[in-house]
Amino acid sequence: MGTVTAADPHPSFLADKDAKVFVAGHRGLVGSAILRRLLSLGFTSVVTRTHAELDLTRQADVEAFFAAEQPRYVVLAAAKVGGIHANSTFPADFIAANLQIQTNVVDAALRCGSVRKLLFLGSSCIYPKFAPQPITEGALLSGPLEPTNEWYAVAKIAGIKMCQAYRIQHGLDAVSAMPTNLYGPQDNFHPENSHVLPALIRRFHEAKAWNAPEVVVWGSGSPLREFLHVDDLADAVIFLMDQYSGLEHVNVGSGSEVTIKELAELVKEVVGFQGKLVWDSSKPDGTPRKLMDSSKIQGMGWKPKIALKEGLVETYK
Ligand SMILES: NC(=O)C1=CN([C@@H]2O[C@H](COP(=O)(O)OP(=O)(O)OC[C@H]3O[C@@H](n4cnc5c(N)ncnc54)[C@H](OP(=O)(O)O)[C@@H]3O)[C@@H](O)[C@H]2O)C=CC1
Ligand SMILES: C[C@H]1O[C@H](OP(=O)(O)OP(=O)(O)OC[C@H]2O[C@@H](n3cnc4c(=O)[nH]c(N)nc43)[C@H](O)[C@@H]2O)[C@@H](O)[C@@H](O)C1=O
């Protein structure tokens with residue numbers, strides 16, 4: 001790590017801390033965690049733009065930005081993101097914005113000529129609804145998708161294929177990481193459009209503050225989900241930027257799963273809400289289970305460090 005040899009004249013990512021790194025989506029859950037990690041590691045030239053400063057769906061603006069900034073590394077953590085309700089309510093926004101953002105960024109990264117490595121972030125929803133568990137990278141495109149988020153999933157699958165195609169045809173070192181469900185600071189706590197964990201933290205917190213007798217939780221409570229703290233994901237992203245250069249995408253999960261009922265009980269305990277849970281069966285369950293097989297990245301030497309309860313307590317604070 002960090003050495004320069006005749007076969008590979010470039011320093012590794014972690015030995016190149018003065019190089020310009022563009023973190024797209026640096027104010028979001030994932031991008032902010034990656035930014036914190038890069039700065040704590042001593043990276044000196046991290047470039048960021050808010051959505052208002054640079055709309056990544058606009059091709060000409062993205063090309064002009066890359067031509068002017070000439071970044072050496074790119075982490076693509078900007079995307080149109082949301083939970084089960086947002087995904088099923090705004091399918092056009094989810095497919096269009098994500099296809100546009102990733103196509104513009106990957107293509108501009110090639111055209112500007114300065115990019116040595118790019119990492120694209122997908123999601124575990126790329127896998128078939130009934131994929132064998134735990135889900136290996138090889139399960140991609142082996143069956144039908146979960147209908148509540150298929151539009152987003154199709155865009156993310158296209159992102160993986162875009163990175164592969166640009167590697168094969170143009171030699172661009174573009175890699176893809178597929179995280180499981182994430183949580184942590186800077187999450188989106190919108191009451192309807194967020195993911196389950198921030199939604200429940202908010203709902204239990206408000207119910208406690210208002211002395212409400214009950215909290216409504218969506219679906220049946222039986223779906224299983226795997227959660228990873230975003231600081232662990234940020235660690236994995238830096239690890240892959242430094243260590244991985246391959247065609248296939250890489251799963252990043254925690255390896256442990258809970259039912260939504262267990263999760264709701266845990267959030268209730270962490271927040272200190274005393275009332276009862278009521279299940280709203282008119283809301284969709286989504287995929288019944290999506291535990292990732294993360295043995296590929298673990299085999300390379302990365303592993304998660306933050307247990308769910310510990311991460312939840314920190315996030316609630
Ligand atoms: N959250 C999760 O549970 C999971 C997330 N992921 C993946 O991680 C990545 C990041 O997700 P997450 O951090 O949760 O998302 P957030 O919604 O928290 O953040 C998204 C970021 O993208 C930026 N953005 C959105 N649209 C545009 C645009 N048109 N132009 C420029 N910037 C834009 C936003 O900018 P601004 O703040 O300026 O508005 C924001 O910083 C995504 O690719 C997602 O698929 C994968 C698995 C699970
Ligand atoms: C990361 C992944 O996230 C999304 O998939 P998801 O895992 O199904 O997302 P979710 O977090 O919204 O829900 C998880 C489970 O939890 C239940 N649930 C209970 N109560 C609330 C609740 O209050 N809000 C939400 N959102 N869900 C609730 C909900 O009914 C479901 O059974 C993708 O669309 C896509 O964005 C993606 O890639």
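Counting starts at 1 for both ligands and their atoms, following the listed order. In what follows, every heavy atom counts, from backbone to side chain, and hydrogens, waters and symmetry copies are set aside.
In this structure, the protein non-hydrogen atom closest to atom 9 (O) of ligand 2 is Ile84 N, 3.9 Å. Ranking protein heavy atoms by distance to atom 17 (O) of ligand 1, first place goes to Val81 CB, 3.8 Å.
Using a non-hydrogen distance threshold of 4.0 Å, His195 registers as a contact of ligand 1. The shell of residues lying under 4.0 angstrom from ligand 1, judged by heavy atoms, includes Lys156. Contact annotation: Tyr152 has at least one heavy atom less than 4.0 Å from an atom of ligand 1. Heavy-atom distances between Ser32 and ligand 1 stay at or above 4.0 Å for every pair. Assignment of Leu54 to the shell around ligand 1 is supported, since a heavy atom sits closer than 4.0 Å.
Heavy-atom proximity to atom 22 (C) of ligand 2, evaluated over Tyr183, Tyr152, Trp279, Trp218, is greatest for Trp218. Comparing Leu182, Ile34, Asp61, Val252 against atom 3 (O) of ligand 1, the shortest heavy-atom distance belongs to Leu182.
The side chain to side chain donor-acceptor pair (under 3.5 Å) search around Lys276 returns none, not counting sequence neighbours.
With a heavy-atom cut-off of 4.0 Å, Glu146 does not touch ligand 2 at all.
Cation-pi contact between Lys80 and Phe94: present, with separation from the ring centre below 6.0 Å and deviation from the ring axis of at most 45°.
For ligand 1, the atoms lying closer than 4.0 Å to a non-hydrogen atom of Thr180 are 47 (C), 48 (C).
With ring centers used as reference points, Phe13 lies under 6.0 Å from Phe43.
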